[in-house]
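Worksheet: one structure, shown below.
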Amino acid sequence: MQRSLSMGLTSLLPLKLPSRMETHLWYIRPDEVKCASLLKHYSQLLSPTEKDRVLQMRGDELKKNALLARTLVRTTIARYQTNSEVDPRSLMFKKNKYGKPEVDWQNYNNCNNPPLHFNISHTDSLIACGVTVHVPVGIDVENKERKIKHDVLAFAERFYSADEVKFLSTILDPEVQRKEFIKLWTLKEAYVKALGKGFSAAPFNTFTIQSKVGTEGCYNLCKTSEMTISSLEKTEKCYEEWRFALLELADSHYGAICTEDDQAGGGGPMRVIIRKTIPFVEDELISESKLL
Amino acid sequence: MASLSTTSLSFKAPSTRISQVLKKGSSFQSVTFGRFTSSTSKSLRLQISCAAKAETVQKVSDIVKEQLALTADTPLTAESKFTALGADSLDTVEIVMALEEKFNISVEESDAQNITTIQEAADLIEDLVQKKPAA
């Protein structure tokens, strides 16, 4: 019995917190985790509420992915404890008033709790967790090959901003158009999740995310001013305080990251450190950044 | 509304339930059902007017099954949460679009975000269909 737990299981390596300019991105591929005793070990990390939610998922694959998602969040955050080792089991979570999950540090008495923010996103073949300090973070991942059941432009016209529809309609190749649609989706989702106020606070058609002209991999957020929405001329204000990064993960997924730029970081593009993990088994530093 | 929903959805023993309710409701008949004949089908329709018809729930289920590519044997009820069936935000938006097309309605974004189960989707659809001006 002891053999199955200790066999090949390493402890979580402690890590330094990301700097203000950095986002750490951790991801797990469900198809690489098959060992039943490892999954059992993971399930022992979860709170009773989390276990219930896992069980509510319909189907074994969905249950496994839900389990891996909670495992990824708990083990990732536990790595960043600067003072003493933290048992991932002991972490507690709460939601902000709009429902965004946050770490609840109440059970830690010292005041040196890292001002750590996290956000998680999952698809059926990849689960990712982004970590920042001091500033909120939102992430979204999507399979590059994901097929949209509706016509891409019809979908965009219904949900995206006018400028984004314009951008997409200039793309003639349907495959490229579909891919750009998905990239935009991940960027927009990442922003709404970073904002943390729920979707009604930032309906998709009220803001535009576009590539910064003359830069590679840098994106701008622009909002259509609500005041002038009825007039013929729309003024757009571009918001410098949100930074975006768009990456390719595992050759199969797009991942978008959005963080608030609190100016203390000194400006400049976001630095992303990507690691693939199978908690307690292996961690792999993928690359510094692979921006799109 | 909760008790009405339960009544309307529990089709396992419809005749006993309905007759019980009708008996209970008989004292209200002049007020609530006064304008209608007390035929079973019309009263049944009134009683479930606060919760979506089974037919609507079925149509929504079919759309959800298709969007999420669920196998035929996936257990699916009106109370099934989209997230528990594996839907992410993109799926939910596609489901809403498909519902708009199927029922010829327009769903506000704020309403769309509040739909988390098949029942909620069906209720919203019926609400919007009823409010539509006559074509």
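Chain letters run A, B, ... following the sequence lines, proteins first and then strands; every chain starts at 1.
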Item to check | Proximity breakdown for B:Asn114 and chain A, heavy-atom pairs closer than 4.5 Å | outcome: neither
Checklist entry - Would you find more than 12 non-hydrogen atoms of other residues, nucleotides or ligands less than 6.0 Å from A:Glu32 atom CD? => result yes
Next on the checklist: Taking side chain as everything from C-beta outward and backbone as N, CA, C, O, which of these in A:Phe155 sits under 4.5 Å from a heavy atom of chain B? Side chain, backbone, both or neither.
Outcome noted: both
Next on the checklist: Looking only at heavy atoms and a cut-off of under 4.5 Å, which of A:Gln56, A:Lys63, A:Glu142 has the most pairs with chain B?
Outcome noted: A:Glu142
Next on the checklist: Using a 4.5 angstrom heavy-atom cutoff, name the option from B:Val93, B:Leu70, B:Leu85, B:Thr74 with the most pairs to chain A.
Outcome noted: B:Val93
Item to check | Over 12 foreign heavy atoms within 6.0 Å of NZ, B:Lys81 | outcome: no
Checklist entry - Given a strict heavy-atom distance threshold of 4.5 Å, which part of A:Arg146 is in contact with chain B: side chain, backbone, both, or neither? => result side chain
Item to check | Region of A:Lys147 in contact with chain B, defined by heavy-atom distances below 4.5 Å | outcome: backbone
Checklist outcome for this item: When every non-hydrogen atom of A:His150 is compared with those of B:Glu101, the smallest separation belongs to CD2-OE2, 3.2 Å
Item to check | Shortest non-hydrogen contact from B:Thr83 toward A:Met57 | outcome: O-CE, 3.2 Å
Checklist entry - Do other residues, nucleotides or ligands put more than 12 heavy atoms under 6.0 Å from A:Lys197 NZ? => result no
Checklist entry - Counting heavy atoms not belonging to A:Asp31, are there more than 12 under 6.0 Å from its CG? => result yes
Checklist entry - Under the salt bridge (Lys or Arg N to Asp or Glu O under 4.0 Å) criterion, do B:Glu100 and A:Arg158 qualify, and how do the steps go? => result CA-CA 11 Å; B:Glu100 286 184 326; A:Arg158 177 74 180 74; 2.5 Å; yes
Checklist entry - Within a strict 4.5 Å, meaning less than it, do heavy atoms of the A:Ile148 and B:Leu90 side chains meet? => result yes
Item to check | chain A interface, residue from B:Gly86, B:Ser89, B:Ala112 that has the most non-hydrogen pairs under 4.5 Å | outcome: B:Ser89
Checklist entry - With only heavy atoms counted, which part of A:Glu189 is less than 4.5 Å from chain B, the side chain, the backbone, both or neither? => result side chain
Next on the checklist: Tell me if a side-chain donor or acceptor on A:Arg58 pairs with a main-chain N or O of B:Pro75 at a distance below 3.5 Å.
Outcome noted: yes
Next on the checklist: Could you check whether atom NZ of A:Lys149 has more than 12 heavy atoms from other residues, nucleotides or ligands sitting under 6.0 Å from it?
Outcome noted: yes
